[in-house]
Amino acid sequence: MGSIPATRSRFEAVEHKPLGGPFKIEAAYRSDTSEDKVNLGIGAYRDDAGQPWLLPSVAEAKKRMDLPSCTHEYSPLHGIDAFIEPARRLVFGAELDPEIAPFVASMQTVSGTGANSIIAKFLARWIQPQQIWLPAQTWDNHPHIWRQNAPAIQVRDYPYYDQKTCSLDFAGLMATLERDAKEGDAILLHACAHNPTGIDPTEDQWKDIALLCEKKRMFVVFDSAYQGFAFGNLDKDAWSIRHFATHPDLEFAVCQSFSKNLGLYGERVGALHIVTSRNAAPSVALAIRSQLVEIHRGEVSIAPAFGARVATTVLTSEEIFSQWLEDLVFMSGRIKAMRQALFDELVALGTPGSWKHVVDQTGMFSYTGLSTDQVAVMQEKFHIYMLPTGRISICGLRDANVKYVARAIDSVVREGKA
Ligand code: LMR
């Protein structure tokens with residue numbers, strides 16, 4: 001203690017860590033004073049005026065909640081049952097849920113990030129897979145979450161995006177896992193609307209992936225952050241997960257987020273569901289949940305209540321739920337329309353290359369194929385902000401800026417050709 005001079009801090013060796021990923025782009029966008037600026041960075045839905053959108057279903061839920069008289073009591077440590085159960089039903093569907101529920105350990109989490117972190121810690125403590133396989137292109141937080149929460153588990157990449165065809169490198173994915181995945185490894189799969197590429201496996205490809213995971217006894221972690229954003233349909237967007245659930249011996253987890261599909265970004269609403277083998281005794285799911293609670297207690301104690309109560313109101317009121325289905329169709333419809341508009345503009349401009357992938361991809365993002373250098377020019381010259389990987393959030397496009405964005409892409413692509 002006495003060895004630290006009074007004028008100096010013990011923290012002088014702490015290195016400054018610059019912001020990374022979408023939040024870095026967001027900060028740069030905000031500090032740009034140009035009137036032309038366009039934000040295609042962060043994955044958050046925007047309306048056609050470029051503003052955050054309060055979903056009508058969420059607005060109605062808040063009206064019904066009688067907010068002035070809401071109290072602020074602690075929830076149980078595992079979360080609010082009235083939220084967790086309909087959240088689980090949303091994942092597995094009304095048909096499968098009653099059969100699977102006794103074998104699922106579920107808890108409320110601090111959105112999808114919380115669920116991903118808890119499953120990483122839980123696997124590290126109880127299962128100790130040697131490796132966690134992440135798609136080579138993935139949400140930039142995935143590797144960070146695994147390294148921080150499960151440092152003993154080696155992070156590996158499996159091929160995902162084929163740059164030449166702008167589509168899924170399914171053969172590479174299967175061959176790599178077949179060859180290098182060890183029995184008992186963990187693997188992360190995006191349930192739908194893959195972030196950042198917007199490319200999902202087909203149903204037949206999902207079937208093959210499930211068989212391979214079963215054969216290798218891999219533990220699958222589904223990240224489900226976009227249910228309702230791919231097809232605009234909650235059931236279709238849960239197809240992959242529900243298919244895996246038809247394999248009674250496949251044990252897997254689902255990290256569920258309501259940030260995007262309910263627009264509850266800042267409220268941190270989510271859940272973690274761990275599906276055990278249908279041969280397991282029901283006590284197994286209960287034991288798992290008790291351990292999840294133990295880990296969570298040491299992290300954040302209890303997930304926040306407010307957003308989960310809003311979600312519960314949407315999920316459990318028939319009328320508001322119907323409105324939500326319309327909201328999802330509306331959001332995914334606007335995204336599809338903007339994909340088409342960008343594609344049409346690029347075709348009209350005769351921009352070199354094929355841009356069909358922009359309309360073929362699904363969900364919030366498009367992996368444009370622009371290089372890091374081209375992305376830098378987009379930002380410096382045109383004040384258009386996107387991730388260095390070439391990912392754009394389609395939600396940032398609108399009638400008022402899509403022509404401008406297409407002209408900018410056209411210009412950077414032609415410059416590269418010169
Ligand atoms: C994104 O990928 O832009 C979003 O999921 C925001 C985030 O947390 O990175």
Side-chain angles (χ1 to χ4, degrees), residues 17-30 37-47 50-53 55 109-120 134-149 160-161 188-200 221-230 237 254-272 300 303-304 307 328 331-332 335 338-339 361-368 370 372 375 378-379 384-397:
K17 175 80 186 160
L19 282 178
F23 286 89
K24 177 182 173 189
I25 305 299
E26 182 71 10
Y29 168 80
R30 283 179 192 276
K37 68 178 179 176
V38 179
N39 189 358
L40 306 181
I42 205 151
Y45 184 79
R46 298 288 178 254
D47 64 14
Q51 296 304 313
W53 194 56
L55 275 62
T109 56
V110 183
S111 199
T113 307
N116 276 277
S117 308
I118 296 295
I119 190 64
L134 304 179
Q137 291 74 27
T138 196
W139 180 41
D140 72 316
N141 208 14
H142 280 145
H144 179 50
I145 286 172
W146 282 88
R147 290 201 176 101
Q148 181 159 294
N149 292 288
Y160 198 81
Y161 178 72
L188 185 125
L189 299 167
H190 295 228
C192 71
H194 182 269
N195 175 8
T197 66
I199 299 165
D200 293 331
V221 177
F222 274 109
D223 195 336
S224 179
Y226 295 92
Q227 191 180 356
F229 261 90
D237 286 352
V254 180
C255 302
Q256 182 182 25
S257 163
F258 287 96
S259 296
K260 323 276 177 173
N261 56 13
L262 278 174
L264 290 172
Y265 303 93
E267 302 300 341
R268 317 314 290 140
V269 187
L272 171 64
V300 291
L328 289 169
M331 288 191 287
S332 56
I335 291 173
M338 282 300 117
R339 284 184 183 282
Q361 293 162 352
T362 184
M364 242 186 205
F365 305 111
S366 172
Y367 220 49
T368 56
L370 295 188
T372 314
V375 169
M378 292 285 283
Q379 183 170 321
I384 297 173
Y385 290 80
M386 54 197 284
L387 297 201
T389 53
R391 184 195 90 169
I392 59 173
S393 170
I394 296 283
C395 305
L397 291 175

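As the structure lists them, so they are numbered: ligands from 1, and atoms in each ligand from 1.
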Candidates Met364, Lys260, Glu26; heavy atom nearest atom 4 (C) of ligand 1 found on Lys260
Less than 3.5 Å between some nitrogen or oxygen of Gly43 and one of ligand 1, yes or no?
yes
Go through ligand 1 atom by atom and flag the ones less than 4.0 Å from a non-hydrogen atom of Ile42.
3 (O)
Side chain to side chain contact (heavy atoms under 4.5 Å, CB included) for Arg391 and Asn195? Distances and angles first, verdict last.
CA-CA 9 Å; Arg391 184 195 90 169; Asn195 175 8; 2.7 Å; yes
Does Asn195 come within less than 4.0 angstrom of ligand 1, counting non-hydrogen atoms of the residue?
yes
Which of the numbered atoms in ligand 1 are under 4.0 angstrom from any heavy atom belonging to Arg391?
1 (C), 2 (O), 3 (O)
For a ring-ring contact (aromatic ring centres under 6.0 Å, His included) check, start with the C-alpha distance between Tyr160 and His194, then their side-chain angles and the critical distance, and finish with the verdict.
CA-CA 10 Å; Tyr160 198 81; His194 182 269; 4.0 Å; yes
With heavy atoms under 4.0 Å as the rule, classify the contact between Thr113 and ligand 1 as side chain, backbone, both or neither.
neither
Ignoring hydrogens and geometry, is there a side-chain-to-backbone donor-acceptor pair from Asp47 to Trp53 under 3.5 Å?
no
Centre of Tyr29's six-membered ring, under 6.0 Å away, within 45 degrees of the axis: is that where NZ or CZ of Lys37 sits?
yes
Enclosure of Lys24 NZ (heavy-atom neighbours >12, cutoff 6.0 Å)
no
Does some side-chain heavy atom of Phe229 sit less than 4.5 Å from a side-chain heavy atom of Met331?
yes
Nearest protein heavy atom to atom 7 (C) of ligand 1, by residue and atom, and its distance?
Trp139 NE1, 3.4 Å
Could you tell me whether some N/O pair between Asp140 and ligand 1 is separated by less than 3.5 angstrom?
no
